[in-house]
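Worksheet for the structure shown next.
Along the sequence shown, residues carry numbers from 1.
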Amino acid sequence: MSEPARVLHARLHLLDRQVVRESDDRLLCKVDDLEVRPGDRPYVTAILSGPLALGPRLGGLPGWLMSETDRLFRGEERPGPYRIEMSAVTEIGSAVRVAGHRQDLALERWLTRNVVSRIPGAAGTPEQDATDDGGREAPENALRVRERREDRPGTMRLAGLLGRTVRGPSGEVAGNTVDVRLVQDGPLLAEVQQAFRPAGLLISRRRAGRLFGYERGPGLWRPSLLGALVRRMHGEIRYAEWDQIESYDDEEITLRVAWDRLRTTADL
């Protein structure tokens with residue numbers, strides 16, 4: 001009998017986690033957003049990192065300043081976030097571990113060109129970026145953290161599903177999205193592992209702030225003190241399966257069914 005697909009919640013288990021290289025535990029970046037290929041069964045294709053991933057997710061003036069400052073110093077015509085293919089991910093726990101040897105790390109190249117190389121006596125040139133520590137060419141299976149030039153055609157960002165106003169089928173406001181449930185039963189990535197796909201949304205009646213996992217699963221609302229605090233802040237929380245979503249855009253999400261027909265989070 002096959003094992004059940006792994007289930008994660010994007011905000012709780014992935015976003016803001018450190019990304020480290022499996023071979024030497026070297027810190028590479030943080031998970032600032034996730035790239036998603038939309039469709040009837042959308043799935044996660046890559047980790048996005050850097051100010052141009054985090055800025056749009058934060059939104060408002062702070063997010064705009066972060067993004068525009070990064071664009072200014074990058075000096076490229078149409079810069080984008082740094083990107084790691086999900087097929088390179090080997091473990092998701094307290095940190096996200098990725099496979100590969102010496103990486104072609106775009107962020108390090110930028111620091112070398114624009115910061116380190118301007119320090120008198122500092123080593124490092126752009127020509128050295130494509131080699132490993134011994135001056136040899138990087139191996140073919142090197143982990144690549146690539147610069148993106150804006151959003152790739154046919155993709156969206158997972159953060160675009162968070163903090164959105166949710167409306168019922170009659171147009172009434174039902175709440176706000178607070179997390180995305182991911183199930184690892186999507187298409188096979190690089191013949192290595194199955195992709196995580198958004199399986200549904202957690203919706204809060206009152207506000208879109210971050211949750212901490214106490215509101216879902218067996219033993220709902222425990223510990224009692226934290227449960228009471230979550231209830232007071234967020235109100236009732238329900239779960240909408242992906243096929244219960246009629247439409248979504250950068251501002252709102254519309255449901256096919258009424259609020260009282262959505263599942264509670266007790267069995268998630």
task = May I ask you to check whether over 12 heavy atoms, not counting those of Arg261, lie within 6.0 Å of atom CZ?
result = no

task = Not counting sequence neighbours, which residues clear side-chain contact (heavy atoms from CB on, under 4.5 Å) with Thr69? List them please.
result = Phe73

inquiry  = By the definition side-chain hydrogen bond (donor to acceptor under 3.5 Å, both in side chains), identify the one residue from Gln193, Arg97, Glu22 that meets it with Thr90.
reply    = Glu22

Any Leu161 side-chain heavy atom under 4.5 Å of Met156 side chain = yes

message = Taking Cys29's backbone N and O only, do any of them form a donor-acceptor pair with Ser49's side chain (distance below 3.5 Å, no angle check)?
response = no

request  = Under the side-chain contact (heavy atoms from CB on, under 4.5 Å) rule, what do Leu48 and Leu34 come out as? Steps first, then yes or no, please.
outcome  = CA-CA 5 Å; Leu48 304 179; Leu34 298 171; over 6 Å; no

key: Which atom of Gly39 lies closest to which atom of Pro42, heavy atoms considered   = O-CD, 3.2 Å

message = Please determine whether residues Met86 and Val183 belong to a single hydrophobic cluster, defined as Ile, Leu, Val, Met, Phe, Trp and Tyr linked transitively by side-chain heavy-atom distances below 4.5 Å.
response = no

message = If you apply the rule side-chain contact (heavy atoms from CB on, under 4.5 Å), what do you find for Asp185 with Arg197, and how did you get there?
response = CA-CA 7 Å; Asp185 63 357; Arg197 66 173 182 86; 2.6 Å; yes

task = Determine whether Phe196 and Leu8 make a side-chain contact, defined as any pair of heavy atoms from C-beta on separated by less than 4.5 Å.
result = yes

request  = Report yes or no: do Val96 and Leu54 belong to one cluster of Ile/Leu/Val/Met/Phe/Trp/Tyr joined by side chain heavy-atom distances under 4.5 Å?
outcome  = no

request  = Say whether, by atom type as modelled, one donor and one acceptor occur between the side chain of Arg238 and the main chain of Leu262 under 3.5 angstrom.
outcome  = yes

request  = Only counting residues at least two apart or in another chain, list the ones meeting salt bridge (charged side-chain N to carboxylate O under 4.0 Å, His left out) with Glu172.
outcome  = none

Note, Asn176 side chain near Arg164 side chain (heavy atom, < 4.5 Å) = no

request  = List the atom of Gly186, the atom of Gln194, and the distance in Å for their closest heavy-atom pair.
outcome  = O-NE2, 3.2 Å

ILVMFWY network linking Tyr82 to Leu58, side-chain heavy atoms under 4.5 angstrom = no

ask   = So does Arg57 pair up with Asp16, basic N to acidic O under 4.0 Å?
value = yes

query = Hey, which of Arg205, Glu252, Arg167 is the one that makes side-chain contact (heavy atoms from CB on, under 4.5 Å) with Val173?
reply = Arg167

ask   = How many angstroms lie between atom NE2 of His9 and atom CG of Leu14, to the nearest 0.5 angstrom?
value = 11.5 Å

ask   = With a 4.5 Å heavy-atom cut-off, do Leu162 and Val178 have their side chains touching?
value = no

message = Can you tell me how far apart CG (Asp179) and NE2 (His13) are? Round to the nearest 0.5 Å.
response = 8.5 Å

query = Are the side chain of Arg17 and the backbone N or O of Ile92 linked by a donor-acceptor pair below 3.5 Å?
reply = no

ask   = With a 4.5 Å limit on heavy-atom distance, are the side chains of Leu202 and Thr177 in contact?
value = no

key: Closest non-hydrogen atom pair between Ser87 and Val192, with its separation   = O-CG1, 3.9 Å

ask   = Is any side-chain heavy atom of Asp33 closer than 4.5 Å to a side-chain heavy atom of Leu158?
value = yes

key: Partner residues of Arg256 under the side-chain contact (heavy atoms from CB on, under 4.5 Å) criterion, sequence neighbours left out   = Glu246

query = Is the backbone of Thr45 close enough, under 3.5 Å, to the side chain of Glu35 for a donor and an acceptor to pair up by distance?
reply = no

Distance-minimising heavy-atom pair for Gly168 and Thr254 = O-CG2, 4.1 Å

query = Counting N and O atoms only, with roles assigned by atom type, does the side chain of Glu68 sit under 3.5 Å from a partner on the main chain of Leu65, one being a donor and the other an acceptor?
reply = no

ask   = Yes or no on side-chain contact (heavy atoms from CB on, under 4.5 Å) for Val19 and Val31, after CA distance, side-chain angles and deciding distance?
value = CA-CA 7 Å; Val19 179; Val31 181; 3.6 Å; yes

query = About how many Å separate OH of Tyr239 and CD of Gln244, when rounded to the nearest 0.5 Å?
reply = 8.5 Å

task = Output yes when Arg263 and Glu241 qualify as a salt bridge under the 4.0 Å nitrogen-oxygen rule, no when they do not.
result = yes

request  = May I ask you to test the Asp32-Pro81 pair for a side-chain heavy-atom distance under 4.5 Å?
outcome  = no

task = Find out if a path of hydrophobic residues (ILVMFWY) with successive side-chain heavy-atom gaps under 4.5 Å connects Leu52 to Ile47.
result = no

Full working for side-chain contact (heavy atoms from CB on, under 4.5 Å) between Leu255 and Ile203 = CA-CA 11 Å; Leu255 301 175; Ile203 303 170; 4.3 Å; yes

query = Hey, is the main chain of Pro51 close enough, under 3.5 Å, to the side chain of Asp70 for a donor-acceptor pair?
reply = no

inquiry  = Within the structure provided, determine whether Pro198 and Trp242 are in side-chain contact (heavy-atom separation under 4.5 Å).
reply    = yes

